[in-house]
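Just so it is clear: chains get the letters A, B, ... in the order the sequence lines come, proteins before strands, and each one is counted from 1. Please read these numbers as outputs of a predicted model, since none were measured by experiment.
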Amino acid sequence: MSFNTTLAEHLNEMSTLLELTGANRFKIAAFAKAARVAENQTADLSTLDTKDLLAIDGIGKGVAAFIEELAETGEVTDLVSLREEVPAGLAEVLDIQGLGPKTVRQLWQDLGVTDRQSLAKVIDGDEILSLPRMGQKTIDNIKRSLTFASKSNQRLPLGVAARIADKLLERMRETPGVKQAELAGSFRRGRDTIGDIDVLVVTDKEELARAAFCEADDVLDVIARGETKCSIRIEVPTKKGRWKTDPGKKATIGADLRIVPAESFGAALMYFTGSKEHNIRLRERALKQGLTLNEYGLFPDEKGEKGSPQSRGVKPVASKTEKQVYAKLGMPVIPPEIREDLGEIDLEETPKLVELKDIKSELHAHTTASDGHMPLHELVQCAIDRGFHTIAVTDHSRSSVQANGLSEDRLREQREEIEEAKAHFGSKVTILAGSEVDILADGSLDYDDDMLAELDIVVASPHAALTQDPKTATKRLLRAIEHPLVHIIGHPTGRLINRRPGLEPAMDELIAAAVEHDTALEINSHWMRLDLRDTHVRAAVSAGCKIAIDCDDHMPEDFDNLRFGVSTARRGMLTPELCVNAWSKTKLHKWLKSKR
DNA sequence: GCCGTTTTCGGCCCGACTGTTTTCAGTCG
């Protein structure tokens, strides 16, 4: 595990333990924010000196000392003593829906609850009723929540959440009275995992909308059903492709419906799309301009007045569209994917990020020759149907035995088949003969250079030895990046979301080498991978590194994963200029040939 | 604990819903 990941875990643990001891809420938030900052740094924070640490937004004297102590000793004294004070199992009690720090603290100190088991025991007793604000309904709610998986572990991969979110959105749009409906939240931001699904609607038949939402397919539980907000919990299919839940565990995801007035739609969409941190920054900005921002609009800030501005009938200065609200805040429209408070607040104009429609080629795809489900002709036809100018055939190399990797003889035979397909499809699309060649554990490639030189395109990817230590992994990947015949590094870390962490190379070194050797790094669009991940893309883009967005297609529907790759790219602020798949045919092929 | 175009001290976003209350605390996003 990289230092930054370990650090983020320690900072998060610190924040949670402080919460359970009833510490100052701003202190709690400061550690949580520092954890997020640590996760988003590409430079190894253990190597920075105090001055550089303090220069990072969100890191002050306290956190800097925390980082330095962790780097030097592998542990942090303050954290260790908190661990002694707070029972280890209490954090998982805090993870239960509906239980916050105040209640958990009370359960712990008054009733001796130390983990979920002991909570389950006291919940049926009479003593629990003696706690303040604790009645039968609250107890029933806790009981119900106890049966669901913990909040923290249930973030779903983007692609799994997408199926549920798309269906829910369609259902709402088909509901009579609904004028407008959109998805917001982390789904709209395109995060690689989704905690819950936010749906916004404008309707003149509110009760119908509430009913359509609360009675949707696979709803397990209605948590809240108010005037403007409904909360439900939906059962997730336990299997989707190669993704499945842990045996015996039911996966669920929460979904919130917000019914908003048409004239507030833009403000509401902003409010429910931005990350918490992005929203706080916007509201602070509003206050500095003598305005106040909420989900109903941007209002003149009438200090001292009681109640919300909209409830007093104050007219907003902007509310109907996101564009209007951002404009009145003196900002360009910020693309949803980067509303994370990672520097976007200070942008002076809307960045031109790569879009789905910009993608004109697929450079990583498999056929039945290795482990794909599509014969060559079907794969090519899929690319034509998408309007791509180029499709690369990149079956697995010989060492990927489990994927029926091609021997050099079989790879040469495939060339003949490709020549035949070129003749058949003519000018409709350019077919490239390539390979997804294994990067072996030592960084050497799975075919001889003579073989690689015969190919139009080489995607080099790690498939085995994915538990190597960071140093070895860095060396291994650097060797592949520096190889003169390699065009693209496929899924550079080999991570599988929620399943395996993959390699943790020194990403800044890889990026520097990729720039120097004109090698592209891939964003693998499959929702189980999304590798490179957003933070890596961001670092790569700012270094001027070329990026490929590919689907690693094995079957026709894999082409649909492109939207996830593109949202990951946008989160990394990738522009079409640096995205090789967005290039014209001429430009792309010129680059490919430059390595031959 | 962090931070500064009113501040090095004193702030730190805003509203909905629920359940327990009878005016609001806790939780959530």
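Annotated as anti: B:dT6, whose glycosidic dihedral deviates from 0 by more than 90°.
Between the side chains of A:D44 and A:S46, at least one donor N or O lies within less than 3.5 Å of an accepting N or O. Between the side chains of A:T535 and A:E39, not a single donor N or O lies within less than 3.5 Å of an accepting N or O. Residues A:S15 and A:N12 have side chains that never bring a donor and an acceptor to within less than 3.5 angstrom of each other. Side chain to side chain, A:T42 and A:D508 fail the donor-acceptor criterion of an N or O pair below 3.5 Å. For A:E340 and A:N40, the side-chain atoms include no donor-acceptor pair closer than 3.5 Å.
For A:F26, the listed nucleotide lying nearest its side chain is B:dG1; candidates were B:dG1, B:dA16, B:dT18. Taking the side chain of A:P101 as heavy atoms from C-beta on, and the options B:dT27, B:dC3, B:dC2, the nearest nucleotide is B:dT27. Closest approach to the A:N141 side chain among B:dG1, B:dT27, B:dT18 is made by B:dT18 (side chain taken as heavy atoms from C-beta onward). Here the nucleotide nearest the side chain of A:N24, chosen from B:dC12, B:dT18, B:dC3, is B:dC12. Nearest to the side chain of A:P309, among B:dG15, B:dC14, B:dT27, sits B:dG15. Considering only the side chain of A:E227, B:dC17 comes nearest among B:dC3, B:dC17, B:dG15. The side chain of A:D198 lies closest to B:dG29, out of B:dG29, B:dC12, B:dG15. With B:dT20, B:dT27, B:dC17 as the choices, the nucleotide that has an atom nearest any side-chain atom of A:A224 turns out to be B:dC17. Minimum atom distance to the side chain of A:T292 is reached by B:dC14, of the listed B:dC17, B:dC12, B:dC14.
In this structure, A:N279 reaches neither bases nor backbone, as no heavy-atom distance under 4.0 Å exists between it and the strands shown. Using a 4.0 Å heavy-atom cutoff across all strands shown, A:K33 reaches no nucleic acid atom at all. Residue contacts for A:I28: at a heavy-atom cut-off of 4.0 Å it reaches no nucleic acid atom on any strand shown. Residue A:K137 is classed as a sugar-phosphate contact, given heavy-atom separations below 4.0 Å to backbone atoms only. As judged by a 4.0 angstrom heavy-atom cut-off over every strand, A:L293 is placed among residues touching the sugar-phosphate backbone only. A:R225 comes within contact range of the sugar-phosphate backbone alone, with a heavy-atom separation under 4.0 Å but no base atom that close. A:Q136 comes within 4.0 angstrom of sugar-phosphate atoms only, judged by non-hydrogen atoms across all strands, and of no base.
In this structure, CG of A:L107 is placed 13 Å from P of B:dG26, rounded to the nearest angstrom. Atom CZ of A:R25 and atom P of B:dC14 are 12 Å apart (whole Å). Remark: P of B:dG1 and CG of A:L54 are 14 Å apart, rounded to the nearest angstrom. Here the P atom of nucleotide B:dT18 and the CE atom of A:M134 are 18 Å apart, to the nearest Å. Spacing between atom CG of A:D256 and atom P of B:dT27 amounts to 18 Å, rounded to whole angstrom units. In this structure, the CG atom of A:D221 is 14 Å from the C1' atom of B:dT18, given to the nearest Å. In this structure, A:K288 places its NZ atom 8 Å from C1' of B:dT5, rounding to the nearest Å. One atom, CD1 of A:I96, and another, P of B:dG26, lie 19 Å apart when rounded to the nearest Å.
For the C1' atom pair drawn from B:dC3 and B:dT8, the interatomic distance equals 9 Å after rounding to whole Å. Spacing of P atoms, B:dC17 relative to B:dT22, comes out at 23 Å, to the nearest Å. Separating the P atom of B:dG1 from that of B:dT6 is a span of 27 Å, rounded to the nearest Å. B:dC12 sits 12 Å from B:dT7 when the C1' atoms are compared, rounded to a whole Å. As rounded to the nearest Å, B:dT20 and B:dG26 have C1' atoms that lie 11 Å from one another.
A:Y296 has a side-chain polar atom (N or O) that falls below the 4.0 Å cut-off from OP1 or OP2 of B:dA16. Taking only side-chain nitrogens and oxygens, A:T138 never comes nearer than 4.0 Å to OP1 or OP2 of B:dT18. Put simply, A:K102 has a side-chain N or O that comes within less than 4.0 Å of OP1 or OP2 on B:dG26. Taking side-chain N and O atoms only, A:S231 has no distance below 4.0 Å to OP1 or OP2 of B:dC28.
Here side-chain hydrogen bond (donor to acceptor under 3.5 Å, both in side chains) pairs that include residues 48-59 of chain A, with residues two or more places apart or in two chains, are A:T50-A:E68.
For the pair A:T228 and A:K61, nearest-nucleotide mapping onto DNA chain B gives the more 5' position to A:K61. Nearer to the 5' terminus of DNA chain B, by closest-nucleotide assignment, is the contact made by A:G58 (compared with the other of A:G58 and A:V104).
We find the CG-CD distance between A:L17 and A:E85 to be 9.0 Å, quoted to the nearest 0.5 Å.
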Residues 193-204 of chain A side chain polar contacts: donor-acceptor under 3.5 Å, at least two apart:
from, atom 1, to, atom 2, distance (Å)
A:T193, OG1, A:R155, NE, 2.8
A:T203, OG1, A:G177, O, 3.0
A:T203, OG1, A:K205, N, 2.9
A:T203, OG1, A:K205, O, 3.4
A:D204, OD2, A:K179, NZ, 3.1

Acceptor/donor pairs from residues 260-273 of chain A side chains to any protein atom, 3.5 angstrom cut, sequence neighbours excluded:
from, atom 1, to, atom 2, distance (Å)
A:S264, OG, A:Y296, O, 3.2
A:T273, OG1, A:R188, NH1, 2.8
A:T273, OG1, A:L269, O, 2.6

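Residues that satisfy the side chain to side chain contact (heavy atoms under 4.5 Å, CB included) test with A:E344, not counting sequence neighbours, are A:H278, A:I334, A:I338, A:D341, A:L342, A:L347. Scanning for ring-ring contact (aromatic ring centres under 6.0 Å, His included) contacts around A:F66 gives A:F31, with sequence neighbours left out.
Base pairing of B:dG1 is made with B:dC12, judged by Watson-Crick or G-U wobble geometry with both donor-acceptor distances under 3.5 Å.
No hydrogens or angles were tested; on distance alone, a donor-acceptor pair under 3.5 Å links the side chain of A:Y271 to the base of B:dG29.
Residues of residues 64-89 of chain A having a heavy atom closer than 4.0 Å to DNA chain B: none are found.
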